[in-house]
Number of protein chains: 2
Amino acid sequence: MIAMAPARTEPDLSFLLDHTSHVLRTRMAAALAEIGLTARMHCVLVHALEEERTQIQLAELGDMDKTTMVVTVDALEQAGLAERRPSSTDRRARVIVVTEKGAEVARRSQEIVDGVHRSALDALSGEDGEALIRIMTRLAEGQLATPAEAPQTARRARQRAK
Amino acid sequence: MIAMAPARTEPDLSFLLDHTSHVLRTRMAAALAEIGLTARMHCVLVHALEEERTQIQLAELGDMDKTTMVVTVDALEQAGLAERRPSSTDRRARVIVVTEKGAEVARRSQEIVDGVHRSALDALSGEDGEALIRIMTRLAEGQLATPAEAPQTARRARQRAK
DNA sequence: TATTGTTATACTCTATAACTATA
DNA sequence: TATAGTTATAGAGTATAACAATA
């Protein structure tokens with residue numbers, strides 16, 4: 001379950017956003033799974049290719065927790081797509097280096113991502129597609145830029161481990 | 001973590017949808033939490049008010065599992081907003097009846113929902129707001145109507161309980 | 001003292017399985 | 001046999017805590 005169904009017959013922005021983002025995410029996951037990637041692995045590969053970056057930097061770019069990044073980098077290493085190397089400037093940090101195979105996979109995964117996006121917009125006229133991107137960008141940068149803090153189910157402080 | 005960050009500098013539909021839907025969902029959750037509701041509780045209240053409906057029917061409308069519906073109805077009952085009544089036509093089924101207090105809360109929660117939506121669209125011109133709803137509706141009904149099956153991490157069949 | 005990366009694990013969410021009572 | 005609702009709990013995802021190495 002993801003979407004809150006329309007509460008009334010009138011169009012419901014929550015439903016529209018939840019539904020479309022959920023569907024697009026499952027499509028993307030299915031498409032990337034065919035070459036053994038998750039969306040996160042793709043995201044890390046692409047950003048690591050752009051320039052030399054540490055795990056923390058990649059985590060921030062992908063809006064992940066650093067512990068999630070550990071798991072993602074583990075997966076990339078096991079698949080032979082990237083390697084951890086000590087940073088030359090900070091001996092605490094590890095730089096993620098994409099292998100040749102990783103670069104090739106990243107090229108293909110970017111094609112897959114672009115293809116999924118294109119097919120999603122296919123049904124729209126070029127005009128509407130452009131308008132959608134333009135308006136959504138404005139929303140994402142403006143009114144819907146930052147989440148509310150989550151008061152819903154404030155996670156309780158963890159018990160001290162023994 | 002929800003969103004896949006933009007893989008390139010060019011606009012990325014996945015990022016836009018994930019980000020905006022995530023932000024809107026946290027806002028909605030925070031706003032509804034102020035009157036003690038979750039989005040699901042609101043959704044069930046509103047649909048139960050429309051006409052006499054069983055838990056299964058409400059679950060389908062809200063795209064929830066029936067076990068999730070049990071939890072949601074439990075919460076509504078504990079808050080005194082709804083009650084389970086035996087269906088007059090099917091002795092297996094329970095009809096969800098909204099209490100007077102529940103109806104009043106539903107009226108307020110619908111105002112809250114509408115308010116959050118309005119404020120999200122505030123920054124846009126009326127024209128853009130309408131275009132967004134129109135185009136998103138077309139996407140949701142057309143190209144992005146149905147999710148791909150999840151092959152990503154096919155959940156393994158559960159072990160038989162002892 | 002603060003930060004990077006790591007491990008371990010607690011917490012939440014959701015769905016599966018099995019059950020009871022009906023149909 | 002199939003379905004409505006329930007309980008119990010497994011599985012997945014994620015984030016917190018604590019730690020070692022280093023800044």
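Naming convention: chains lettered A, B, ... in sequence-line order (proteins, then strands); numbering from 1 in each chain.
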Sugar-phosphate only, base, or nothing, as touched by A:Thr54 at under 4.0 Å among non-hydrogen atoms: sugar-phosphate
Rounded interatomic separation in angstrom, taking CE from A:Met69 and P from C:dT4: 13 Å
Approximate separation, where rounding is to 0.5 Å, of B:Leu81 CG and B:Ser109 OG: 9.0 Å
Of the listed nucleotides D:dT22, C:dA18, D:dT14, the one nearest the side chain of A:Arg40: D:dT14
A:Gln143 versus A:Arg138, side-chain donor and acceptor atoms under 3.5 Å: no
Most 5' of A:Thr67 and A:Ala93 on DNA chain C, judged by nearest nucleotide: A:Ala93
Length of the line joining A:Arg94:CZ and C:dT6:C1', which is rounded to integer Å: 9 Å
Nearest-angstrom distance from the residue atom CG of A:Asp74 to C1' of C:dT6: 9 Å
Atom pair distance, as rounded to whole Å: CG in B:Asp65 and P in D:dT9: 18 Å
Nearest-0.5 Å distance that lies between atom OG1 in A:Thr72 and atom CG in A:Leu58: 10.0 Å
Pair A:Arg107 + A:Glu104, salt bridge at N-O below 4.0 Å: yes
Separation of atom CG in A:Leu58 from atom P in C:dT4, rounded to whole Å: 13 Å
B:Gln57 side-chain N/O to D:dA4 phosphate OP1/OP2 under 4.0 Å: no
Under 4.0 angstrom between A:Arg84 side-chain N/O and C:dT6 OP1 or OP2: yes
Spacing between B:Gln55 atom CD and D:dG5 atom P, to the nearest angstrom: 5 Å
Pairwise 5' ranking along DNA chain C for A:Val95 and B:Arg92, keeping only the more 5' one: A:Val95
Residues B:Asp74 and B:Gln78: side-chain donor-acceptor under 3.5 angstrom: no
Atom-to-atom span, CD of B:Glu60 to P of D:dT3 - whole angstrom: 12 Å
Distance in angstrom units between A:Lys66 NZ and C:dT4 P, rounded: 7 Å
